[in-house]
Structure formats: structure tokens, C-alpha cells
Q: 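Here you go, one structure.
These numbers come from a predicted model, not from an experiment. Order of the sequence lines fixes the chain letters, A, B, ..., with proteins taken first and strands second; residue numbering starts at 1 for each chain.
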Amino acid sequence: MIRTRTIRTIVKINWLYLKRDVVALGLTFVLPLIFFSIFAVIFSGFGGGGSDAGPPAIDLLVVDLDSTETSRRYVAALGKQEALEIATAPSPTEEVPEPAPYTLEDARKRVREGRFPVAVVLPPGFGATLGAFAGDSEPVELIYDASNPIARHSVSGLLQAAAMTAGPDLLMKQGLGQLEEFGGPLTDQQRRAVEEAEGYFQSGEAAGAAGPGGAAGLVAVEAVDVRTFDVEDPEEKKRKRSIVPYQAAGIGVMFLLFSMAGAGGALLDEEESGVLERVLLSHASMTQLLLGKWLFYGVVGFAQVVLMFVWGALVFDIELWTPNRLAGFTAMAIVTAAAAAAFGIVLATLCRTRSQLSGMSTIVILIMSALGGSMVPKFVMPDFMNTTALFTINGWALDGFLKVFWYDDPAASLPRALLTLAPQVAVLALMTVTFLTVARWLARRWETV
Amino acid sequence: MTSVLTVTSAEKSFGETRALAGAGVELRRGEWLALLGPNGAGKTTLVRSIAGRVRLDAGEITLLGTRLDTTSGDAVRAARGKLGVVPQEVALYPKLTARENLTVFGELLDISRPTLAERVAWALDWTALGDRADEPVERFSGGMKRRLNIACGVLHAPEVVLLDEPTVGVDPQSRERIWQMLEQLRQDGASLLLTTHQLDEAQQVCDRIVIIDHGRDVAAGTFDELVRQTIGSGRRVSVVLEGEPPAALLEAGLEAAGGDGTSETLAVRVEDIGEELPELLARIKAEGGRITDVHVEVPTLQAVFIHLTGRELRE
């Protein structure tokens with residue numbers, strides 16, 4: 001028989017305990033906000049976060065061994081790339097107001113020391129062969145640090161773009177020279193037309209302006225955020241979308257699991273102090289005790305998730321305040337908190353001591369979080385890892401929260417929006433029941449021996 | 001007196017360890033019974049089996065007329081509802097106040113709401129913690145925690161109370177207070193079974209004593225009965241004489257038990273104090289001895305315990 005009075009008492013005890021324990025309160029409600037904020041600040045940079053901030057520019061060391069007009073124009077074009085922060089010489093100091101340009105040795109040394117993720121060396125003869133199609137151009141040396149593969153690949157692409165913006169007139173000349181070499185000389189009329197066009201190319205207008213997500217080059221690019229198609233307001237259409245909700249879900253769920261695992265440890269403390277024995281000597285049964293604790297932890301977990309997302313909405317522009325999102329978020333927060341609370345209890349019943357619980361929960365939660373997408377977005381994971389994510393709380397919770405905040409259909413009715421969450425809600429509910437059942441079975445060791 | 005609790009031939013093993021090997025105990029209505037035994041003798045296991053926390057391998061437990069080991073369901077729950085258990089550990093929520101601890105444990109004991117308020121008030125008064133009722137228990141002294149620990153176990157006014165080492169680790173003043181509390185419980189009609197290491201106090205306050213060793217009861221009865229069963233009615237008598245003792249007395253079997261230059265003590269064991277002591281004193285006088293003092297050794301529970309178990313209680 002389930003006695004609601006006993007469960008209420010268990011909830012009351014835990015609430016009084018949490019209320020009196022300032023450290024536990026801080027760990028439960030303040031620390032997650034701090035972590036959340038740190039990650040939100042990091043990730044709001046990548047998506048724009050509603051501000052002009054973008055991903056940080058890549059520091060690029062440039063060594064110009066060619067020192068021709070063409071190579072200087074090329075370096076200048078590199079400097080105009082938003083994604084690059086170039087340096088051709090050390091910063092001036094009082095002692096050395098005009099430092100010498102970097103050398104090849106400087107480039108290798110500084111990349112090796114981690115002071116630059118990547119360096120570009122323009123070899124002698126670079127200008128003379130820029131844009132040569134015959135494969136006889138002098139190769140640019142790209143010195144990179146393997147620990148930052150993104151910088152290497154980004155710079156590789158930007159080098160090509162810079163070639164187009166640095167000197168379209170040079171490229172045209174180079175191209176026409178090769179055309180004449182292989183196809184015969186131009187006519188006088190053609191030559192005059194080219195000379196007339198040269199001024200236009202030298203002015204830089206031909207390089208064009210970079211679009212929102214790309215650079216000018218051989219192919220003009222206009223990047224369009226898929227979430228702006230239905231937006232009428234031109235200003236709103238231009239606004240960059242924050243990917244904070246994407247990461248908020250991941251961090252939120254991971255923190256929730258850590259909190260619940262820690263809270264579940266109270267069972268072990270009570271066993272050690274003899275309180276568990278006394279509770280079981282009363283009219284309370286183990287089932288009632290576990291249900292009471294699960295209910296309390298679930299409510300605390302729900303409050304934790306709500307707090308994180310409300311904080312995210314107020315400070316980091318998470319769009320929470322629409323009926324569909326509020327309803328979907330509430331549904332996901334409830335089932336996620338319920339599953340996490342049950343997970344915390346099952347871990348506690350599995351372990352014999354606090355230190356066991358601490359070690360095991362850290363390992364299990366980190367693995368689940370890595371597989372489930374809390375640490376690294378699932379789209380960068382191989383297929384088999386996406387499959388294993390199906391066995392984690394994080395995987396399902398994240399899917400649900402992303403459906404609410406990222407992959408939602410703004411035009412959908414409320415019931416329809418909620419219906420899309422049915423698989424995630426169902427699986428998390430099933431996990432909750434499974435965890436509680438296993439916990440009850442494991443808790444037999446605390447009953448009559 | 002009728003029995004309120006009877007345990008017979010209780011057996012329990014934990015793996016290779018045999019905790020109970022046929023132990024038995026009987027608690028009578030309104031009685032205060034001490035369960036004594038060295039560490040590991042099986043006392044706590046016996047108490048926990050009565051409380052329902054340990055399932056016996058064999059044996060019978062009857063509480064208030066209900067067989068706990070064979071009866072199931074409501075009858076057992078009803079019988080156990082009249083049982084109060086005070087564990088050896090201070091099993092309290094340290095961050096909760098005294099009043100909150102009493103309230104939550106009262107709720108867990110299923111005391112009805114109107115009664116609970118009265119019982120909490122009674123418990124605070126009984127433990128003399130009324131003025132500290134709203135302070136977190138973690139600020140209490142060891143003795144105060146012990147008192148509250150007992151109160152939480154008897155809040156539902158049980159007929160039978162099991163107390164596992166209720167005074168362990170408290171100072172003599174607090175211990176005295178706890179004994180007074182328990183005496184009051186008994187006067188209110190409760191029957192008490194307690195395990196303790198305080199032999200002198202068990203001897204003073206308890207009606208009967210059961211000594212348990214190696215998982216079985218080795219003796220039971222009042223203190224006088226235990227003394228008779230074990231060390232008998234023999235006493236060691238010491239007689240202090242002025243100056244050197246007459247040689248005839250030493251030759252007659254009295255042994256020199258020390259002296260300080262001006263007096264000498266002679267000691268002898270007598271089997272019947274009533275008959276032999278007057279004869280002894282007369283003989284010393286007849287031999288010219290001048291008696292300045294006489295000591296008769298009083299039998300103690302400690303002596304009984306060592307006689308029965310061959311070791312000190314704390315071994």
C-alpha cells in the first residue's frame with residue numbers, strides 16, 4: 001500500500017534539508033547557472049547570439065619572401081578577411097619601434113610554440129606566378145599546428161579567396177598570357193578592351209562584397225539562415241540566430257544528471273548515520289522512501305532546468321516565451337527531470353559508499369553526456385555513436401529540447417507541437433520506470449536481512 | 001507477571017559468522033530488562049530481529065501475544081506498532097530542529113495529526129529540550145542528541161521499548177538523566193529491554209538481567225539470583241589489625257594483604273557470611289589481634305559477568 005502521508009513526509013524532510021544546506025542549495029541552483037552562462041557565452045559567439053560577435057578570428061602569421069607589389073597586395077587582401085587576424089611582424093615596442101618582418105624560422109618557431117595556429121609563407125616568385133593555370137606556380141607554404149585542424153582548413157580556403165580579391169587584374173593578365181601562349185595572340189580590338197577593363201579590375205570593385213556567410217571569389221555566395229524564410233521583418237531577417245538553446249539543452253541535461261546523482265547519495269549518508277534504519281523501523285516502506293525521494297529530486301531537477309532556461313531566455317536570448325515552446329519545454333523538463341532523478345536513485349542503490357557513487361556517477365554521466373551529445377553536437381559524431389546515444393538519457397532529452405527550441409515549426413498548433421515530442425517523452429518516461437524498478441530491486445539489501 | 005516479549009532458540013548466521021546460536025529472552029510486563037554481553041555476543045542482532053530488521057534462521061519471537069516469525073500481515077504490523085525501537089546510533093536528521101525531527105519521525109510512525117502535536121510537546125518536555133526545540137540538532141551536545149534519539153523512538157507511546165546502548169558515549173550527568181527518563185517511561189507502563197555496557201547502572205536500575213555470549217543466553221535473573229547462580233554467597237573479608245598480626249592467624253589460613261607499618265590487613269574468603277564472620281572476629285580477638293576495621297567485599301555484576309563469560313564486558 002502506498003501511503004501518501006509517508007511520501008509527503010519524505011519530501012518534506014528532503015526539502016527542509018536542502019533549504020538549510022546553503023552549500024547544497026548553491027550547488028543545486030547557482031553552480032548550474034554559472035556553468036550554463038560560461039557555455040552560453042562561448043557558444044553565443046559561434047551563432048552570433050543576436051549580436052555582431054562572430055567566431056574568434058584566426059591568428060595568421062604571414063611571411064612575405066617575395067616582397068613584390070603582387071605579394072604585398074595579396075597580404076593586404078588576406079588582412080581584409082574578417083576571419084583572419086594577420087601578423088607580418090612582431091608588435092612594435094618602445095625598444096623596437098619598427099620590428100623586422102617575420103622570417104621562415106620565426107614562422108616555424110611560433111607555430112611550434114603554439115603562439116600562432118597557422119602561418120603562411122609566400123615564396124620568392126609568388127607574384128610572378130599568381131594565377132598561373134599551368135601548374136607551374138610557386139606553392140605557398142602553410143605551416144600548421146595539428147592541434148587546431150579547423151584553423152588549417154579555414155586558412156586554406158581563405159588563401160584562395162584572397163587570391164581573387166587581391167588582384168583580379170593580375171589574374172586576368174596571367175590568364176590572358178596563357179591564352180595567348182596556347183591559343184594565339186589577341187586581336188588589337190580585344191587588347192584595347194582588356195586595357196580598358198584593367199582599371200575596373202584594379203579598383204577592386206570586381207572583387208565584390210562578401211555575403212553574410214561567404215566571401216567573394218569565383219562563385220558568388222549569399223548565405224541564408226533557414227530560419228529566416230518565414231520572417232517578414234527585414235531587420236529580423238538579418239539578425240543572426242543564437243545557437244545557445246542547442247548547447248543549453250546539452251549542458252542542462254548533463255548538469256541535471258550530476259545534481260541528481262549527488263542528491264541520490266543522501267540515501268548512502270542516511271544508511272551510514274542510521275537514519276535509514278530508523279525510517280525503515282517506522283511505518284515507512286522502502287518503496288515509499290524511494291518514491292518520496294524520487295518525487296523530491298524530480299521537482300528539484302525540474303526547478304533546476306526551468307531556472308537554467310529562464311536564465312537563458314532573460315540573458316542569452318533563448319526564445320522561450322511562445323505557447324508552443326513553453327508547453328514543449330515544460331513537457332521535456334518534467335520527463336527529463338523524472339528520468340534524471342530515477343537515475344540518481346538507481347546509482348545510489350547500486351553503490352555501497354559515497355566515494356563509490358562519486359566515482360561511478362562521474363564516469364557514467366561523462367560517458368552518457370559524450371555519447372548523448374551534451375559535450376559534442378551529435379552531427380559531428382559517426383553513425384554508430386548516434387545509435388549508442390539512443391541508450392542515454394542525454395540523447396533523448398537533447399533530441400526533445402532541440403525539437404522544442406531548434407527544429408520546431410512555428411506554424412504548428414499546440415497539440416501538434418506536443419505530439420512531435422511523443423517519442424522522447426515516452427522513452428524518458430520508460431527510462432524512469434525502469435530505473436525506479438531496478439532501484440527498488442537493488443534496495444532490498446537495506447531491508448530485512 | 002505476564003510476558004510481553006519472548007524470544008526462544010533464536011538462530012541467525014551472516015555468511016560464516018554465527019550471530020545467534022539459540023539465544024532466548026523474556027521480557028515481562030512493566031519490567032526493565034538488561035541484555036548484557038561482550039561485543040559481538042549477538043545483542044544487537046537479537047534486538048534487530050525483534051524489531052523486524054533481521055529475519056531469524058530459526059527460533060520464535062512472540063510480541064504481545066503475536067508470533068512475529070509465523071504470523072503475517074496486519075496482526076504483525078499491529079503488534080510492531082506497539083513496539084518502540086531506539087537504535088544505537090544517533091539516528092537523527094542533524095540539519096532539522098528537535099521539533100522537526102520529532103514531527104517527521106512521528107509522521108513516519110503514523111501518529112495522527114492531533115495526537116502528534118501533543119506527543120511532540122510531551123517529548124520536548126520529557127527530554128528537557130523545550131528551550132532548544134527550534135535549534136538544529138547538529139548544534140546539540142552528545143547527551144542532548146541521545147535524549148532526542150530516545151524520544152523519537154517512543155513518540156508513539158509503545159508498550160514495549162527496545163533500546164540498543166541508549167547511554168553509549170555520554171557523560172555521567174547525561175546518563176543519569178537518561179536513566180531518569182527511562183524510569184519515567186516504565187512508570188507510565190512501558191516494558192523496557194535494553195542493551196548496555198554500564199554494568200553498575202544495569203545492576204542498579206534493571207529488574208532482571210540476561211547475559212548473552214557467543215550468540216546464546218548464558219544466565220538470566222535478578223542480580224541476586226545471578227550472584228547466587230555464579231559466585232554464590234561466599235565473600236572475601238578483609239580485617240585491618242593494629243600492629244603485627246599474630247602468627248597463629250597466618251598459620252590458620254588468613255593471608256596478609258598489605259600493611260602500612262602501623263597496621264596490617266588480613267584477608268580470607270568465607271562461604272557463609274552470617275555464620276563465619278562472627279567466628280572469625282572472635283578468633284582474631286582470642287589470638288590477641290586488635291581489630292581496627294573490617295571490609296566485606298560486595299558481589300558485583302562485573303564479577304558475575306566475568307565468572308560467566310571469562311572476560312570483561314568490553315573485550
Side-chain angles (χ1 to χ4, degrees), chain A residues 1-28 263 265-293 295-296 300 352 354 443-449, chain B residues 12-15 19 44-45 47-57 68-69 73-74 77-78 80-81 83-97 99-101 103-113 116 135-138 145 149 152-153 155-156 158 162 164-165:
Chain A
M1 186 176 62
I2 302 295
R3 302 160 80 98
T4 54
R5 189 186 185 202
T6 304
I7 292 174
R8 278 204 309 272
T9 301
I10 300 290
V11 170
K12 183 167 84 177
I13 293 168
N14 283 278
W15 164 240
L16 288 171
Y17 235 75
L18 180 64
K19 202 172 72 167
R20 303 270 159 78
D21 193 337
V22 179
V23 176
L25 264 180
L27 287 173
T28 306
L267 259 176
L268 296 170
D269 295 340
E270 288 173 8
E271 181 197 15
E272 196 179 326
S273 68
V275 168
L276 182 63
E277 172 92 356
R278 165 160 264 163
V279 169
L280 294 174
L281 281 168
S282 72
H283 290 221
S285 68
M286 182 55 85
T287 303
Q288 290 161 356
L289 176 68
L290 294 182
L291 282 177
K293 285 194 175 289
L295 191 62
F296 177 73
V300 169
R352 300 270 164 178
R354 262 280 186 184
R444 288 178 313 150
R445 70 181 157 98
W446 286 317
E447 292 185 291
T448 305
V449 290
Chain B
K12 179 68 184 178
S13 295
F14 298 103
T44 299
T45 305
V47 169
R48 292 187 79 221
S49 66
I50 298 165
R53 300 287 296 135
V54 168
R55 193 178 293 114
L56 291 179
D57 298 333
L68 300 183
D69 51 309
D74 293 343
R77 269 192 290 277
R80 286 229 164 88
L83 177 71
V85 184
V86 178
Q88 191 176 131
E89 299 86 8
V90 176
L92 300 168
Y93 291 105
K95 290 198 183 299
L96 267 55
T97 65
R99 190 189 305 282
E100 285 167 346
N101 266 289
T103 305
V104 297
F105 282 117
E107 286 173 0
L108 292 174
L109 287 165
D110 209 24
I111 300 172
S112 67
R113 227 173 279 272
L116 181 57
E135 275 186 41
V137 168
E138 62 189 354
K145 287 178 188 169
N149 194 44
C152 287
L155 208 56
H156 55 309
L162 309 179
D164 194 4
E165 302 279 359

Q: Heavy-atom distance under 4.5 Å to chain A: side chain of B/Arg80, backbone, both or neither?
A: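 No part of B/Arg80 comes within 4.5 Å of chain A.
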Q: Under 6.0 Å from the CZ atom of A/Arg352, do we count more than 12 heavy atoms belonging to anything else shown?
A: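 Count not over threshold, so no.
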Q: Would one find more than 12 heavy atoms of other residues, nucleotides or ligands at under 6.0 Å from atom CD of A/Glu272?
A: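 Result for CD/A/Glu272: open.
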Q: Counting only heavy atoms closer than 4.5 Å, note whether B/Pro94 contacts chain A via side chain, backbone, both or neither.
A: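 Its backbone and side chain both get close to chain A.
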Q: Please give me the minimum heavy-atom distance between B/Arg113 and A/Arg5, naming the atom from each residue.
A: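 Closest heavy-atom pair between B/Arg113 and A/Arg5: N-NH2, 4.1 Å.
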Q: For the residue pair A/Gly274 and B/Ala91, what are the closest heavy atoms and their distance?
A: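 Answer, listing the atom of A/Gly274 first, then B/Ala91: O-CB, 3.3 Å.
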Q: About how many Å separate CG of A/Leu281 and CG of B/Leu83, when rounded to the nearest 0.5 Å?
A: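 If I round to the nearest 0.5 Å, the distance is 8.5 Å.
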Q: Counting heavy-atom pairs closer than 4.5 Å to chain B, which one of A/Val279, A/Thr9, A/Leu276 comes out on top?
A: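 Most pairs with chain B among the choices: A/Thr9.
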Q: Can you tell which part of B/Leu162 gets under 4.5 Å to a heavy atom of chain A, answering side chain, backbone, both or neither?
A: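 Answer is neither: B/Leu162 stays 4.5 Å or more from chain A.
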Q: A/Thr6 versus B/Glu107: any side-chain heavy-atom pair under 4.5 Å?
A: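 Of all side-chain heavy-atom pairs linking B/Glu107 with A/Thr6, none is under 4.5 Å.
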Q: Under a 4.5 Å heavy-atom cutoff, which of B/Lys12, B/His156, B/Glu100 has the most pairs with chain A?
A: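 Among B/Lys12, B/His156, B/Glu100, the one with the most close pairs to chain A is B/Glu100.
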Q: For B/Asn149, is there any backbone N or O sitting under 3.5 Å from a side-chain donor or acceptor partner on A/Arg278?
A: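 At least one qualifying donor-acceptor pair exists.
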Q: Might you point out which heavy atoms bring A/Ser273 and B/Glu89 nearest each other, and give the distance in Å?
A: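 It is O-CB, 3.6 Å.
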Q: So for B/Thr97, is it side chain, backbone, both, or neither that comes closer than 4.5 Å to the heavy atoms of chain A?
A: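 Contact with chain A involves both backbone and side-chain atoms of B/Thr97.
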Q: Assess whether side-chain contact (heavy atoms from CB on, under 4.5 Å) is satisfied between B/Leu108 and A/His283, documenting all intermediate values.
A: CA-CA 6 Å; B/Leu108 292 174; A/His283 290 221; over 6 Å; no
Q: Can you tell me how far apart CG (B/Leu155) and OG (A/Ser282) are? Round to the nearest 0.5 Å.
A: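 Here the interatomic distance stands at 11.5 Å.
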Q: Chain A heavy atoms under 4.5 Å from B/Thr103: which part of the residue, side chain, backbone, both or neither?
A: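 Looking at B/Thr103, just its side chain touches chain A.
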Q: So which bits of residues 10-20 of chain A come within less than 4.5 Å of chain B, counting non-hydrogen atoms only?
A: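 Result: A/Ile10, A/Lys12, A/Ile13, A/Leu16, A/Tyr17, A/Arg20.
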